[in-house]
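Note that ligands are numbered from 1 as they come in the structure, with each ligand's atoms numbered from 1 the same way.
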Amino acid sequence: MATKNTPKKILLDESEMPTQWYNLVADLPVPPPPALHPGTHEPAGPEDFAPLFPMALIEQEVTTERYIDIPGEVLDIYKLWRPSPLFRAKRLEELLDTPARIYYKYEGVSPAGSHKPNTAVPQAYYNHKEGIKKLTTETGAGQWGSALAFATAQYGMELEVWQVAASYRAKPYRRTMMEIWGATVHSSPSEVTEFGRSLLAENPDHPGSLGIAISEAVAMCVADPEARYALGSVLNHVLMHQTIIGEEALLQLAKVDEVPDLLVGCTGGGSNFGGLAFPFMREKMAGNMNPTIRCVEPAACPSLTRGEYRYDFGDTAGMTPLLKMHTLGHSFIPDPIHAGGLRYHGMSPLVSHVYDQGMVEAIAIGQRECFDAAIKFAKTEGIVPAPEPTHALAAAIREALACKESGEDKVILTALCGHGHLDLAAYDAYLSGEMVDYDLPDEAVNEAMKSVPVLG
Ligand SMILES: *Cc1c(COP(=O)(O)O)cnc(C)c1O
């Protein structure tokens, strides 16, 4: 039905790979609110972040420079899988019988199988350059832990990972991957930290959460002056590293003379979404295009659509600086029924800010619609998506079907930010009919919101 003929894959040569990351902050009409010190509630300074991050990343976190050069060593490692392909989802379009044209930027070609190595590699690089020999981190679905394990292996660094217990049990092969690259993996809550021990004493089968695993990884980092901590999403420098996705996609769409009408991305902590969307927001602010930009989150963990825009902690124990973000409350733990990933209680402060400013939209979708979209996608395009981007695919399909009704031939762009080869248990639950949608009750949100600090 769609008429315009484009190649199936739009590829860039290695020599065409962008050599700078883009910093959205430089172009925002209203600057985003600063992080606050958890004790004084004053804006947090570099010294507050110094026990956790190397100085180069702290500078990137607060910089207002528009572009940051990607170090040559990082570009060399990026070339193991970058530039990543942009695909036209023609076979999916045909199945949907839509005049819309759907493009997806595929990040599952990376060693870890997702977009996470785009920031794991520079984070390991800057720590290594400042003489750090060991990193600590958390991982939920396992994508971030494996990305950082791959990255630290490039520099012979040590890595200790706290993997959310439910995921540690359900995804043993993610642990194996991390171990192949040399990392040590703990189930979280763990016996290694005081916070972990206190939670296990209450419940030896504790399922864990991302916020708890962050608390454990931060505690172990702070206790060891030689170690630093790495975060796989949420922070400004992480989203900036991911902008290589959007910069490449801009070049690729230009090659086929396409301008997007709609960008959709799944949002957990906001990094793959920001990575794809921010360079397009720059073009939109400059008047070069006018796409609608939409975040898609799970109905079971809807921080943007049902959370509040408040200062909250990034972790469950309340150890991190306070970040102004859309939050469900740092004590929020998504119901175990939810299999679709994106389980973090908060949202990147930058994505929260642009949402608050009305520069992007947000919707929440239930998991069965997401997996239904993923099956349609896998049957036509071949790739089995990670559970997280199924949210973006479901939103893209909604739009493509609306185009079928209206006859509009919109150009839809999304990030297929990972493959789901190690997430087949979630597909199994869907195919066997065990997966149910979960209506998050208001009481659960209200209860967790009580954990958000009230600032005077
Ligand atoms: C980690 C991860 C996410 C969620 O994190 P964002 O920062 O929101 O991108 C989404 N998809 C995949 C494949 C991931 O690995």
Side-chain angles (χ1 to χ4, degrees), residues 84 104-120 123 137-151 161 163-164 167 171 174 177-178 210 213-214 230-246 263-278 294-298 301-304 314 323 325-326 334 338-352 354-355 360 362 364-365 370 374 377 383-395 414-423 426:
S84 71
Y104 59 97
K105 179 75 169 150
Y106 185 42
E107 293 294 313
V109 292
S110 83
S114 74
H115 64 294
K116 297 289 199 321
N118 296 333
T119 184
Q123 289 197 47
T137 200
E138 70 292 327
T139 196
Q143 285 277 16
W144 169 241
S146 20
L148 195 62
F150 156 73
V161 183
Q163 183 175 8
V164 174
S167 153
K171 299 188 183 184
R174 272 286 166 201
M177 249 176 126
M178 292 185 259
L210 217 42
I214 295 175
L231 189 61
S233 184
V234 176
L235 297 177
N236 298 353
H237 68 269
V238 178
L239 272 62
M240 188 177 73
H241 297 156
Q242 294 294 353
T243 57
I244 183 101
I245 301 173
L263 260 75
V264 281
C266 69
T267 45
S271 75
N272 88 85
F273 170 82
L276 178 73
F278 288 176
R294 191 170 293 153
C295 304
V296 193
E297 57 186 14
C301 190
S303 55
L304 286 169
L323 304 172
M325 58 183 176
H326 287 81
H338 172 58
L342 309 172
R343 308 174 66 91
Y344 188 55
H345 66 270
M347 180 50 58
S348 144
L350 254 185
V351 171
S352 293
V354 295
Y355 179 55
V360 304
I365 301 186
C370 294
F377 184 86
I383 298 168
V384 178
E388 294 87 352
T390 65
H391 296 80
L393 291 172
T414 190
L416 182 56
C417 51
H419 68 65
H421 296 176
L422 296 176
D423 307 290

Asker: May I ask you to decide if Leu304's main-chain N or O and Glu297's side chain share a donor-acceptor pair within less than 3.5 Å?
Answerer: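 Such a contact is found between Glu297 side chain and Leu304 backbone.
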
Asker: Report, in ascending order of atom number, the atoms of ligand 1 lying under 4.0 Å from any heavy atom of Gly268.
Answerer: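 Answer for ligand 1: 8 (O).
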
Asker: Any N/O of Gly269 closer than 3.5 Å to an N/O of ligand 1?
Answerer: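 For ligand 1, there is an N or O atom that lies under 3.5 Å from one belonging to Gly269.
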
Asker: Can you name the atoms of ligand 1, numbered from 1 with element, that are less than 4.0 Å from a heavy atom of Cys417?
Answerer: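 Those of ligand 1 that fall under 4.0 Å from Cys417 are 10 (C), 11 (N), 12 (C), 13 (C).
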
Asker: Below 4.0 angstrom from a heavy atom of Ser233, which ligand 1 atoms are there? Numbered from 1 as shown, please.
Answerer: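 Contacts of ligand 1 toward Ser233, numbered from 1: 6 (P), 7 (O).
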
Asker: What I want to know is whether Ala386 and ligand 1 share at least one N or O pair that is separated by under 3.5 angstrom.
Answerer: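 In fact, backbone or side chain, Ala386 has no N or O that close.
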
Asker: For ligand 1, which part of His115 has a heavy atom less than 4.0 Å away: the side chain, the backbone, both, or neither?
Answerer: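 The answer is the side chain of His115.
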
Asker: Taking Glu107 for its side chain and Ser84 for its backbone only, find out whether a donor-acceptor pair lies under 3.5 Å.
Answerer: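 Here the side-chain-to-backbone pair does not exist.
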
Asker: Under 3.5 Å between any N/O of Lys116 and any N/O of ligand 1: does that happen in this structure?
Answerer: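 Min N/O separation from ligand 1 is below 3.5 Å for Lys116.
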
Asker: Over all heavy atoms of both residues, which pair between Val238 and Gly232 is shortest? Give the atoms and the distance, please.
Answerer: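 Looking at all heavy atoms of both residues, the closest pair is CG1-O, 3.5 Å.
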
Asker: Kindly list each side-chain donor-acceptor pair under 3.5 angstrom involving residues 266-278, sequence neighbours excluded, with atom names and distances?
Answerer:
{"residue": "Thr267", "atom": "OG1", "partner": "Val296", "partner atom": "O", "Å": "3.3"}
{"residue": "Ser271", "atom": "OG", "partner": "His115", "partner atom": "NE2", "Å": "3.2"}
{"residue": "Asn272", "atom": "ND2", "partner": "Cys266", "partner atom": "O", "Å": "3.1"}

Asker: So, is Phe273 polar-close to ligand 1, with some N/O to N/O distance under 3.5 Å?
Answerer: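 N/O-N/O distance under 3.5 Å: no.
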
Asker: Gly270 near ligand 1, heavy-atom distance under 4.0 Å?
Answerer: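 It does; at least one heavy atom falls under 4.0 Å.
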
Asker: How about Leu148 and Val161: do any of their side-chain heavy atoms sit closer than 4.5 Å?
Answerer: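 No, too far: nothing below the 4.5 Å cut-off.
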
Asker: Short N/O distance, under 3.5 Å, between Thr267 and ligand 1?
Answerer: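 N/O-N/O distance below 3.5 Å does not exist for this pair.
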
Asker: Among all protein heavy atoms in this structure, tell me which lies nearest to atom 4 (C) of ligand 1, with the distance rounded to 0.1 Å.
Answerer: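 Heavy-atom neighbour on the protein nearest atom 4 (C) of ligand 1: Leu342 CD2, 3.7 Å.
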
Asker: Using a 4.0 Å cutoff against the non-hydrogen atoms of Ser114, which atoms of ligand 1 qualify?
Answerer: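 Ligand 1 atoms under the 4.0 Å threshold to Ser114: 13 (C), 15 (O).
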
Asker: If we only consider heavy atoms of Gln242, is any one of them less than 4.0 Å away from an atom in ligand 1?
Answerer: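 No, that is not the case, since the closest heavy atom of the residue is not under 4.0 Å from the ligand.
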
Asker: Under a 3.5 Å cutoff, is there a donor and acceptor pairing between the side chains of Ser352 and His326?
Answerer: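 There is such a pair between these side chains.
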
Asker: Is it true that a side-chain atom of Arg174 and a backbone atom of Gly145 form a donor plus acceptor pair closer than 3.5 Å?
Answerer: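 The answer is no, because no donor-acceptor pair under 3.5 Å joins these two groups.
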
Asker: Without swapping roles, check the side chain of His391 against the backbone of Glu388 for a donor-acceptor pair under 3.5 Å.
Answerer: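 Yes, the answer is positive, given that a donor and an acceptor are paired below the 3.5 Å cut-off.
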
Asker: For atom 10 (C) of ligand 1, tell me which residue out of Gln143, Arg343, His391, Glu388 has the closest non-hydrogen atom.
Answerer: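 Of the listed residues, Glu388 has the closest heavy atom.
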
Asker: Please name the pair of heavy atoms, one in Lys116 and one in Ala147, separated by the smallest distance, quoted to 0.1 Å.
Answerer: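 Reported closest heavy-atom pair: CB-CB, 3.5 Å.
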
